[in-house]
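Dropping a structure here in structure tokens format, bear with me for questions.
All values below were derived from every heavy atom in this structure, side-chain atoms included, with hydrogens, water molecules and symmetry-related copies excluded.
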Amino acid sequence: MKVLVISASPRLGSNSDALANEFARGAQGAGHDVEKVNLREKNIQFCKGCLACQREGVKEMFLAGDCSKACVIRDDAASIVQKMHDADVICWATPIYYYEMSGQMKVMIDRGNPLYTTDYKFRDVYLLTTAAENEPETPKRAETGLSGWIDCFPKCSLKGSVFCGGVTSPGDIKDNDKLNEAYEMGKNI
């Protein structure tokens with residue numbers, strides 16, 4: 001299977017990125033074709049809400065493997081959206097900020113709007129989250145936000161999530177059991 005891991009942390013060496021790396025390592029170890037995208041390295045602008053991505057011909061652009069003109073904004077989002085379209089599995093990794101997904105993740109979700117009218121391939125979606133807070137309810141709003149996106153794509157579902165709380169600074173997650181949990185989840189997709 002094609003597995004796309006999208007890391008939405010703005011920090012280099014972040015804890016959520018460490019979870020993403022372990023998920024990817026597990027999926028690769030199971031023989032899947034894995035690609036990881038770090039949003040912090042990309043130029044991704046806000047959606048303008050113009051709905052040009054819903055016009056005629058967008059489906060054909062995706063099928064041809066070039067959705068670069070499916071959106072009026074010329075940035076790195078189009079290539080990521082194409083990867084999302086072609087993936088069998090999408091795994092999102094995000095830090096929790098103010099009990100919600102990172103802004104980078106939300107912007108990328110919004111920019112995935114061209115997928116709505118296509119015959120997207122992804123069926124399984126996973127979520128990896130980290131936060132300074134350690135209460136079990138900490139990731140719930142991020143899960144709800146991602147579930148709202150998933151609800152717009154009826155052929156897919158949220159298959160699993162891993163939350164690691166109590167980690168603040170980059171590297172705090174080192175030697176945490178949640179790294180193994182992310183690895184095993186990737187291995188078992």
Side-chain angles (χ1 to χ4, degrees), residues 1-42 44 62 65 67 76-96 101-102 104-106 108-109 111-112 115 118-132 134 136 138-140 142-143 145-147 149-150 153 155-189:
M1 286 194 292
K2 277 186 163 182
V3 179
L4 178 64
V5 179
I6 302 173
S7 181
S9 178
R11 296 193 300 182
L12 183 64
S14 74
N15 296 305
S16 61
D17 198 44
L19 285 178
N21 289 338
E22 287 304 300
F23 181 93
R25 191 170 71 86
Q28 281 178 322
H32 300 295
D33 178 18
V34 179
E35 182 174 1
K36 183 175 168 231
V37 173
N38 291 305
L39 296 183
R40 75 173 174 283
E41 299 169 354
K42 305 298 182 184
I44 302 172
F62 277 96
C67 71
D76 295 328
S79 66
I80 298 168
V81 171
Q82 183 72 54
K83 293 172 194 298
M84 291 167 69
H85 175 272
D86 297 341
D88 299 298
V89 174
I90 299 174
C91 177
W92 294 91
T94 183
I96 299 295
M101 70 181 75
S102 70
Q104 291 81 353
M105 180 172 161
K106 178 60 171 119
M108 192 63 237
I109 284 174
R111 291 297 303 282
L115 294 167
T118 71
D119 188 20
Y120 55 91
K121 293 184 176 90
F122 56 92
R123 298 297 182 262
D124 299 343
V125 179
Y126 294 86
L127 178 63
L128 309 171
T129 56
T130 59
N134 202 19
T138 300
K140 295 303 178 198
E143 290 173 9
L146 181 59
S147 292
W149 177 75
I150 290 169
F153 297 95
K155 293 187 275 184
C156 77
S157 62
L158 183 62
K159 293 294 185 183
S161 64
V162 173
F163 168 63
C164 183
V167 293
T168 304
S169 299
D172 282 354
I173 199 169
K174 185 179 180 214
D175 299 323
N176 191 297
D177 289 343
K178 295 297 182 172
L179 291 168
N180 189 55
E181 192 175 328
Y183 172 83
E184 290 296 324
M185 192 163 63
K187 183 178 165 186
N188 292 310
I189 57 174

- Message: Within this structure, what is the NZ-CG distance for the pair Lys106 and Leu146, rounded to the nearest 0.5 Å?
- Response: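 It comes to 10.5 Å.
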- Message: Can you confirm whether Phe23 sits close enough to Ile189 that some side-chain heavy atom of one is under 4.5 Å from a side-chain heavy atom of the other?
- Response: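 Yes - at least one pair of side-chain heavy atoms lies under 4.5 Å apart.
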- Query: Does NZ belonging to Lys187 count more than 12 external heavy atoms closer than 6.0 Å?
  - Reply: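 No, the 6.0 Å shell around NZ holds no more than 12 heavy atoms from other groups.
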- If every non-hydrogen atom of Val125 is compared with every non-hydrogen atom of Cys156, which pair is closest and at what distance?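 That would be CG2-SG, 4.1 Å.
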- Query: Where is the tightest heavy-atom contact between Val34 and Ala24, given as atom of each residue plus distance?
  - Reply: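 Heavy atoms of Val34 and Ala24 come nearest at CG1-CB, 3.7 Å.
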- Query: Once you round to the nearest 0.5 Å, how far does CG of Leu19 lie from CZ of Phe163?
  - Reply: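 Separation between the atoms: 10.0 Å.
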- Item | Rounded distance (nearest 0.5 Å) linking atom CG of Leu128 with atom CD1 of Ile6 |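 It is 11.5 Å, given to the nearest 0.5 Å.
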- Query: Hey, does the side chain of Asp76 reach the backbone of Ile44 with a donor-acceptor pair shorter than 3.5 angstrom?
  - Reply: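 Not confirmed, Asp76 side chain does not pair with Ile44 backbone.
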- Query: Can you find a heavy atom in the side chain of Leu4 that is under 4.5 Å from one in the side chain of Asp86?
  - Reply: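 Sidechains of Asp86 and Leu4: no contact.
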- Task: Mind checking the CG-CE spacing from Asn180 to Met185? Nearest 0.5 Å is all I need.
- Result: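 Here the rounded value is 11.5 Å.
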- Query: Quick one: are Tyr120 and Met84 in side-chain contact, heavy atoms under 4.5 Å?
  - Reply: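 Tyr120 vs Met84: side chains apart.
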- Query: Can you name the residues that form a side chain to side chain contact (heavy atoms under 4.5 Å, CB included) with Asn188, not counting sequence neighbours?
  - Reply: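 Testing Asn188 for side chain to side chain contact (heavy atoms under 4.5 Å, CB included), a comparison that skips the adjacent residues, returns Glu184.
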- Is the closest side-chain heavy-atom distance between Trp92 and Met101 below 4.5 Å?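 Side chain of Trp92 against side chain of Met101, heavy atoms only: no contact under 4.5 Å found.
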- Message: Asp119: which residues meet the salt bridge (Lys or Arg N to Asp or Glu O under 4.0 Å) condition with it, sequence neighbours left out?
- Response: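 Once residues adjacent in sequence are excluded, the partners of Asp119 under the salt bridge (Lys or Arg N to Asp or Glu O under 4.0 Å) criterion are Lys155.
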- For the residue pair Trp149 and Phe122, categorise the inter-ring angle as parallel (less than 30°), tilted (30 to 60°) or perpendicular (more than 60°).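 Geometry flag for Phe122 against Trp149: parallel rings.
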- From CA spacing to verdict: side-chain contact (heavy atoms from CB on, under 4.5 Å), Ser161, Thr129: CA-CA 8 Å; Ser161 64; Thr129 56; over 6 Å; no
- Task: Applying salt bridge (Lys or Arg N to Asp or Glu O under 4.0 Å), name anything that partners Lys140, two or more places apart in sequence or on another chain.
- Result: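 Salt bridge (Lys or Arg N to Asp or Glu O under 4.0 Å) list for Lys140, sorted by chain: Glu143.
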- Can you check whether Ala8's main-chain N or O pairs, donor with acceptor, with Thr94's side chain at less than 3.5 Å?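 It does not hold such a pair.
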- Task: Under the ring-ring contact (aromatic ring centres under 6.0 Å, His included) rule, collect the residues that match up with Tyr183, sequence neighbours excluded.
- Result: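 Result, ring-ring contact (aromatic ring centres under 6.0 Å, His included) vs Tyr183: none returned.
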Donor-acceptor pairs are to be reported for all side-chain atoms of residues 164-177 against protein atoms at under 3.5 Å, with residues two or more places apart or in another chain.
from	atom 1	to	atom 2	distance (Å)
Asp172	OD2	Thr168	N	2.9
Asp172	OD2	Ser169	N	2.8
Asn176	OD1	Lys178	N	2.8

- Item | side chain to side chain donor-acceptor pair (under 3.5 Å) contacts in which one or both residues fall within residues 20-37, not counting sequence neighbours |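 Matches after skipping sequence neighbours: Asp17-Lys36, Asn21-Lys36, Glu22-Arg25, Glu35-Lys83, Lys36-Asn38.
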- Could you grab the distance from atom NZ of Lys42 to atom CE of Met108, nearest 0.5 Å is fine?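 These two atoms lie 10.5 Å from each other.
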- Grab the two heavy atoms, one from Leu127 and one from Leu158, that are nearest each other, plus how far apart they are.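 Heavy atoms only, the tightest pair is N-CD1, 4.2 Å.
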